[in-house]
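Report on the following structure.
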Amino acid sequence: MTSPATTPPSITREEFGEFFAALDAALNSAPNEAPKEKQKRYPFSWQEEVLDHICEHGVWPERINAPTGSGKSSVVDIHLFANALAAVGAAPRVPRRLCVTVGRRALVDSQADRAREILKCMEDALADGSGEPDILRRVAKALQSFQTRNDEKGSKPFETGHIRGELSNRNLPVTDISACAIIAATPDMYGSRALFRGYGSTKAARPRETALLAMDTVMVLDEAHMNRQLLHTTQRIAELQKREVNLGVPTLQVVETTATPSTGDSESTTLGVDIEALDSPNDKELHRRVYSHKELVLRPIDKWDGKPGNAATVKAAVDAIKDFLAHREVGKGSEVAHTVGCIVNHVRTAISIKEELAKDLAEDEVQLLVGRMRPYDLKKLHPDLFTTEGDKSVKVVVATQTLEVGIDVDFADLVTELAPASSLAQRFGRVNRLGHRDDSKVVVIEPASGDSVKKDAPPYRAVDLSNAYAWLEALNGAENPSVNPAAMVKNPPVQSSPERLLYQRPEWPDLLEFSRTDENPYDEPDLDLWLHDSLEAETAMGGVIVRDNLPSNTSAAMEILKTSYFAPRDEETFPANLKILKEILDYQDEHGVKPRKFLYRQGEISLWQDADQGEESSQTLAPGDVLILDMGSIPFTNQGIAVTQRELPSKKDELKAVPFLDDDELCVAELYVYEKCADREERFRKYLGLSPDEVAELLDSQASDGQKVIASELSTEAEGGQEVIAWYADVTDDKKSIEGSDIAQELAPTDPVLLDDHQNDVAERTRQLAENLGLAPEFSEALELAAKYHDEGKRDLRFQQMLGADPDADALAKSGHRSVAEAYRARSRSALPRGWRHEQLSALMVAASPEKVGEHRDLVLRIIGCSHGHGRFSFAHDAGFLLKEGYLPEGTDYEALKEQATRLFNVGYWDNLMEQTSRTYGPYATAYLEAVERAADAQISREGH
């Protein structure tokens with residue numbers, strides 16, 4: 001196999017301005033509309049300075065200070081251009097991946113959406129050939145040269161990723177490890193992966209996700225003051241990686257960005273906006289934003305207490321909003337949207353304000369936005385609302401802290417309740433963001449006296465609220481009270497007090513322990529110590545899904561949830577903290593019965609086992625867990641938001657499940673057929689009595705192009721004269737559904753693949769990847785050797801029988817002309833014991849032939865044994881389980897191999913090998929080498945070889 005040769009075009013550092021302007025114009029043009037000249041916007045001086053620093057030093061600055069509205073999201077543009085320069089030899093090697101991490105789900109979604117929009121702009125530029133603007137095409141072409149794909153779709157300029165709690169989606173670009181990439185993540189999802197314990201990830205996926213996010217990556221932690229512990233943790237990881245071997249690729253780089261910098265001195269390399277030096281022509285726009293009109297108005301109330309749903313706060317907020325609406329009504333007809341924003345501290349407060357406003361305004365004129373909303377529901381909000389252009393049809397947006405950071409909303413006016421000063425500074429940034437208005441106001445609802453702030457008002461502490469009160473009084477004492485970015489720089493917000501006396505940093509033994517990803521500890525490590533600022537608040541997140549299509553037969557329901565089509569999805573998941581999940585688990589209906597619940601954890605489905613009355617359940621919740629409920633079985637939402645039982649209204653929400661495909665596209669049929677068939681059931685009667693294979697053949701003939709129908713057996717039972725159809729059908733894209741799974745190692749989409757051909761192809765792709773990445777020669781050699789023998793264990797005759805190989809022909813790596821269901825059935829009917837790992841035998845066979853691996857023996861064996869994420873730090877099975885006499889390739893000395901296997905897997909040499917290689921090379925370096933070989937294997941498999 002060979003990768004298509006690409007010659008990157010010439011690009012110079014001086015062209016960054018043209019690239020920036022062309023990309024901005026393309027992003028802000030209407031669909032199918034050519035970019036407009038008047039839309040061009042060139043980079044600000046501070047953005048140019050960051051690029052200069054990267055090009056000169058090969059590393060990012062450790063800190064970026066930039067006020068709200070100054071374009072911190074441009075780190076993506078800078079990252080892409082710096083990598084394009086590196087691709088053409090005009091800049092040093094820099095991290096290929098940029099991971100933007102921020103503690104607000106809405107912003108994570110926004111960052112991911114913007115990355116995908118940029119990708120489309122660049123793909124359009126490539127498709128346009130020699131069209132304008134040429135700089136976009138040349139940058140896209142340069143970035144494309146990092147890819148090693150060789151499939152019918154061709155290479156993307158860069159890859160994208162999106163991980164934000166509740167559900168582990170599989171769109172991290174682990175297979176394209178050499179590509180430039182942009183990834184958006186929440187702190188928990190990034191931090192858990194940086195520590196080898198990705199929330200929601202399967203054990204086999206953990207090491208390669210860690211390698212992807214903690215090597216050859218720059219992690220930009222936006223508003224780092226909100227996640228100080230994660231900042232300390234990642235900075236320590238980056239420091240410890242310097243002790244590992246130098247692979248020739250960049251280790252983790254950490255950048256903290258903030259609009260509210262602390263006044264303390266720091267030795268960190270800091271770049272950003274100097275508000276006293278905005279005299280460059282390119283900074284004219286930034287000057288207008290920094291000195292925009294934002295009049296501060298304090299509105300004290302007597303009965304303020306900082307608690308959720310406080311009636312006085314709700315009334316004051318509603319009154320202020322109505323005042324703003326009345327004022328804006330006079331000036332209606334303007335081209336600029338006049339939406340009023342309202343940001344409060346609690347979900348219950350936000351809901352109460354919306355309900356009050358809804359009495360006088362139309363439903364669509366008031367929008368509610370909080371973090372605990374399904375992506376499906378968020379997508380139904382007005383698409384232009386959360387942009388600087390806004391949506392003139394929306395009069396009010398009521399939100400919680402989810403709007404504090406980074407979203408490019410531009411409110412005409414703002415109402416907020418008292419919060420810590422740094423949080424208020426972020427909220428102020430949501431109003432008159434671009435400086436186009438000259439009459440914008442910010443109303444802060446506060447207590448009538450600072451003496452009223454004596455008790456903590458979770459999630460905030462009394463000391464922080466008291467300091468914020470004093471800070472506001474100081475701002476209000478100015479001649480023209482303002483809260484624009486210039487005022488924030490001249491009178492910085494008081495930093496919130498630390499929620500911990502001491503921040504924890506991971507040490508070398510911690511990382512070695514975390515990297516044992518394939519083992520089953522007595523209890524999974526609690527990562528709060530390394531990820532969260534507060535050890536008291538309920539910060540760990542999970543999710544809830546409601547389904548209206550699950551059969552009453554629990555076994556059948558579980559089987560359906562395991563299918564690729566009906567598996568849990570991000571868009572249907574309500575974010576919820578573990579407190580809400582625990583309340584759902586404790587819920588009983590009016591008869592004292594606990595409705596059934598399914599647990600989705602690390603890619604596996606199980607039935608939640610409720611404990612008997614008075615006893616505790618043996619199951620415990622963990623971050624990333626998702627509960628799946630039957631529609632209407634357990635109330636847990638208010639206004640479509642996951643809430644605690646105290647926050648539930650007396651009238652239930654009319655909640656709807658996220659719809660799947662139309663009925664015409666059959667995906668599941670597990671029906672109870674009564675003697676008198678209902679209309680809906682009539683369409684399935686023709687399938688009664690058919691075997692799964694016969695069902696699949698019939699449905700497959702009706703499937704659309706590119707789809708495959710897989711029929712699988714269910715346990716049958718009869719209840720009360722009802723007949724249960726003993727199968728379900730899953731209509732899916734076969735190739736997409738198996739990518740990255742174990743079954744992909746046994747299945748080729750077309751013709752069978754010979755083992756020697758496959759291993760040679762993977763070795764060649766590994767060599768290409770190593771060269772592309774700039775790996776040091778000694779590690780490139782070790783990787784190529786590991787790739788050449790990574791599937792030797794497939795020569796076991798039991799594995800070959802499972803693939804349907806001819807015993808007299810060459811060994812196969814993959815079978816051909818099989819559906820996924822057939823592949824699974826072949827595995828279950830083979831002579832191989834359940835849980836048998838071919839890569840464990842591969843490592844054994846290579847260990848018995850030391851001439852194959854030379855001086856890098858232990859490292860090569862490790863990469864082979866861990867080629868699917870297992871074996872870290874031990875395999876579950878011993879020599880007796882792995883080997884069976886009579887099933888080894890001809891000429892194998894069974895007794896000698898068994899003796900070697902006993903030494904490796906019974907006596908404990910494999911565990912020692914893993915421990916020593918981790919200490920010698922480093923846990924992140926070894927994970928990265930494993931990930932490169934796995935990427936090469938997955939690419940070759942994806943291409944059908």
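A quick note: this is a predicted structure, and the numbers were derived from the prediction, not measured. Keep in mind that the numbers below use all heavy atoms, side chains included, and drop hydrogens, waters and symmetry copies.
Between the side chain of Lys597 and the backbone N or O of Pro595 there is at least one donor-acceptor pair closer than 3.5 Å. In this structure a side-chain-to-backbone donor-acceptor pair under 3.5 Å is missing from Ser466 to Ala462. Distance alone, capped at 3.5 Å, places no donor-acceptor pair between the Asp589 side chain and the Ser633 backbone. Between the side chain of Trp471 and the backbone N or O of Pro492, at least one donor-acceptor pair lies under 3.5 Å. Remark: side-chain polar atoms of Asn432 are not paired, donor with acceptor, to backbone N or O of Ser440 under 3.5 angstrom. A side-chain donor-acceptor contact under 3.5 Å links Asp533 to the backbone of Arg228. No side-chain donor-acceptor contact under 3.5 Å links Asp625 to the backbone of Arg601. Side chain of Arg193 to backbone of Asp188: no donor-acceptor contact under 3.5 angstrom is found. Although no hydrogens or angles enter the test, the distance criterion places no donor-acceptor pair under 3.5 Å between the side chain of Arg328 and the main chain of Phe324. Between the side chain of Thr416 and the backbone N or O of Ile343, at least one donor-acceptor pair lies under 3.5 Å.
The distance from atom CD1 of Ile301 to atom CG of Leu418, rounded to the nearest 0.5 Å, is 10.0 Å. Once rounded to the nearest 0.5 Å, the distance linking CD1 of Ile634 with OH of Tyr587 reads 7.5 Å. Expressed to the nearest 0.5 Å, how far CG of Asp653 lies from CG of Leu648 amounts to 8.5 Å. Residue Leu357 holds its CG atom at 13.5 Å from CD of Glu363, rounded to the nearest 0.5 Å. Interatomic distance, NZ of Lys582 versus CD1 of Ile580, reported as 12.0 Å (0.5 Å rounding). Between the OG1 atom in Thr339 and the CD atom in Glu365 there is a gap of 10.5 Å [rounded to 0.5 Å].
Between Leu561 and Arg547 the shortest side-chain heavy-atom distance falls below 4.5 Å. Taking 4.5 Å as the limit, some side-chain heavy atom of Val254 sits within range of a side-chain heavy atom of Leu231. Inter-residue side-chain proximity for Val255 and Ile64 is flagged as met; some heavy-atom pair is nearer than 4.5 Å. At a threshold of 4.5 Å between non-hydrogen side-chain atoms, the residues Pro447 and Val453 count as touching. Side-chain contact between Val76 and Arg114: present, with at least one pair of heavy atoms (C-beta onward) separated by less than 4.5 Å. Proximity of Glu256 to His225: side-chain heavy atoms (C-beta onward) are nowhere separated by under 4.5 Å. In this structure, Leu213 and Tyr190 have side chains that are in contact, with non-hydrogen atoms separated by less than 4.5 Å. At least one side-chain heavy atom of Leu434 sits less than 4.5 Å from a side-chain heavy atom of Arg289.
When all heavy atoms of Ala448 and Pro300 are compared, the pair lying nearest together is CA-CB, 3.7 Å. Taking both residues in full, the closest heavy atoms of Asn345 and Ala419 are given as OD1-CB, 3.9 Å, listed atom of the first, atom of the second, then distance. The nearest pair of heavy atoms linking Pro568 to Ile628 is CG-CD1, 3.6 Å. Smallest separation of non-hydrogen atoms from Val444 and Leu296: CG2-CD1, 3.9 Å. Of all non-hydrogen atoms in Pro485 and Pro67, the two that sit nearest each other are CB-CB, 3.7 Å. Among all heavy-atom pairs drawn from Ala657 and Met631, the shortest one is N-CE, 3.1 Å.
Partners of Arg596 by salt bridge (charged side-chain N to carboxylate O under 4.0 Å, His left out), not counting sequence neighbours, listed by chain and number: Asp630. Shown here are the side-chain contact (heavy atoms from CB on, under 4.5 Å) partners of Lys354, two or more places apart in sequence or in another chain: Val366, Leu368, Gln639. For Glu295, the side chain to side chain donor-acceptor pair (under 3.5 Å) criterion is met by no residue, not counting sequence neighbours. Here Thr349 pairs with nothing under the side chain to side chain donor-acceptor pair (under 3.5 Å) rule; sequence neighbours left out. Applying the side-chain contact (heavy atoms from CB on, under 4.5 Å) criterion to Pro187, with sequence neighbours excluded, gives Thr101, Asn227, Leu230. Residues satisfying the salt bridge (charged side-chain N to carboxylate O under 4.0 Å, His left out) criterion with Asp456, sequence neighbours excluded, are absent altogether. Legend: residues meeting salt bridge (charged side-chain N to carboxylate O under 4.0 Å, His left out) with Lys315, ordered by chain and number and at least two apart, are Asp319. A search for side-chain contact (heavy atoms from CB on, under 4.5 Å) contacts involving Leu655 returns Arg374, Val546, Phe574, Phe636, Thr637, not counting sequence neighbours. Judged as a salt bridge (charged side-chain N to carboxylate O under 4.0 Å, His left out), and not counting sequence neighbours, the contacts of Asp323 are Arg299. Listed by chain and number, the residues in a side-chain contact (heavy atoms from CB on, under 4.5 Å) with Asp305 are Lys307, Asn310 (sequence neighbours excluded). With sequence neighbours left out, the ring pair (Phe, Tyr, Trp, His ring centres under 6.0 Å) criterion links His232 to Tyr503.
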Legend entry - Criterion side chain to side chain donor-acceptor pair (under 3.5 Å) on Thr233 and Gln229, from CA distance to verdict: CA-CA 6 Å; Thr233 294; Gln229 178 57 64; 3.0 Å; yes
Legend entry - Derivation and outcome, salt bridge (Lys or Arg N to Asp or Glu O under 4.0 Å), residues Glu209 and Arg197: CA-CA 9 Å; Glu209 290 184 357; Arg197 281 295 191 274; over 6 Å; no
Inset, instruction - Show your reasoning for whether side chain to side chain donor-acceptor pair (under 3.5 Å) applies to Thr644 and Glu647. - result: CA-CA 5 Å; Thr644 63; Glu647 296 170 321; 3.3 Å; yes
Inset, instruction - Begin with the C-alpha distance, continue with both residues' side-chain angles, and end with the deciding distance and a verdict on side-chain contact (heavy atoms from CB on, under 4.5 Å) for Met488 and Val483. - result: CA-CA 6 Å; Met488 298 298 95; Val483 289; 4.0 Å; yes
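Between Asp410 and Arg430 there is no salt bridge, since no side-chain nitrogen of the basic residue lies less than 4.0 Å from a carboxylate oxygen of the acidic one. We find that Asp464 and Arg461 are not joined by a salt bridge, their nearest charged nitrogen and carboxylate oxygen being 4.0 Å or further apart. Ionic pairing of Asp413 and Lys294 is not present here: no N-O contact between side-chain nitrogen and carboxylate oxygen is shorter than 4.0 angstrom. No salt bridge links Asp548 with Lys656; every basic N to acidic carboxylate O contact stays at or beyond 4.0 Å.
Applying the salt bridge (Lys or Arg N to Asp or Glu O under 4.0 Å) test to residues at least two apart or on different chains, none of the pairs has a partner in residues 416-426.
A donor-acceptor contact closer than 3.5 angstrom is absent between the side chains of Glu356 and Ser352. Looking at Asn484 and Ser292, their side chains never bring a donor and an acceptor atom within 3.5 Å of each other.
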